[in-house]
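Order of appearance sets the numbers: ligands from 1, and atoms from 1 within every ligand.
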Amino acid sequence: MKLCRYNEDRLGVVRGDTIHDISAIQDEIRSKARYDMRGDAVIAALPEYRDRMEKAADGAKGVPVSSVDLLPPVARPSKVMAAPVNYAAHVAEMAAQPHVTGETGGAKRPSGIQNQGIFLKSNSALVGPGEGVAIRFPDRRNDHEVEFCLIIGKQGSRVKKADALDYIAGYTLGLDMTVRGVEDRSFRKSCDGYAPLGPWMVTADEIPDPNNVDFTVHLNGKLQQDAHTKDLIFDVQRLVEFATEFYTIYPGDILFTGSPPGVSEVKPGDVMHCACNLIGEMGVKVRAAE
Ligand code: MN
């Protein structure tokens, strides 16, 4: 099942090029949820409500995907985690241009995800594909990083690799937008709009092996990142294990799995087109911040 959020906080099931409105179910789930729950109520309720969602979609009238503004597929993640340096070829391309990363001299951390850990992007950086990215520092280099993203389905701590897939509700695509420079990663990657997510969530049953997924981003029509999750250094299960060594994950939490090689600079006026045959496609426009 493909679940999207769109327009004024509506929930829909995506079938082909059509969205079937099931917002009434979203209203019911939210009305029963405790305000102080950790995580997103709709994602937490998926196991219980999924069959009803499918049935409601059968009877709901559809609107074309092209006629709506898509929002991020999760309304209230408790956190947005992101893996740095998780593809060997991306590690190499960044090491070759220290003037871009800003990591010249000083107390440089040892490289490798096992040493650098997972970082957090601000939840307030999340946007849907329709909102686009506003470049906040046009005088600095701003890069796109297209990434395969996990949506956590249930609470877990110290999750073992063998059990990790049980904790994933679904998958989506993300752009880990980045201002290059010397500040801490999470600061540079948390500007408003620097975490586009979409076009929707694909439930985990549709991608039984998340370590076997192709995805791409074209910048202004030119293929820029052409990736396969088999090349992840820490694969999907290991990432869940690693993250939960440090913190508890909650339904709706997002985990960006890391950027493949091919990152490049974006400027206002550019369009980033992300695609994955198992998920879908999204075009994200870049503009200048006000
Ligand atoms: Mn990244």
Problem - Atom name of the N, O or S atom in Glu147 that lies nearest to the Mn ion (ligand 1) - result: OE2
Problem - Aromatic plane relationship, Tyr171 with Phe148 - under 30° parallel, 30 to 60° tilted, over 60° perpendicular - result: parallel
Completion exercise
For Glu145, the N, O or S atom at the shortest distance from the Mn ion (ligand 1) is OE1
Exercise for the section: Please determine, by modelled atom types, if Arg5 and Gln26 share a side-chain donor-acceptor pair under 3.5 angstrom. Expected result: no
Problem - Tyr247 with Phe234, same ILVMFWY side-chain cluster at under 4.5 Å - result: yes
Practice task
Measuring from the Mn ion (ligand 1), name the closest N, O or S atom belonging to Asp176.
Solution key: OD2
Practice task
Identify whether Leu70 and Met282 are in the same connected component of the hydrophobic contact network (ILVMFWY, side-chain heavy atoms under 4.5 Å).
Solution key: yes
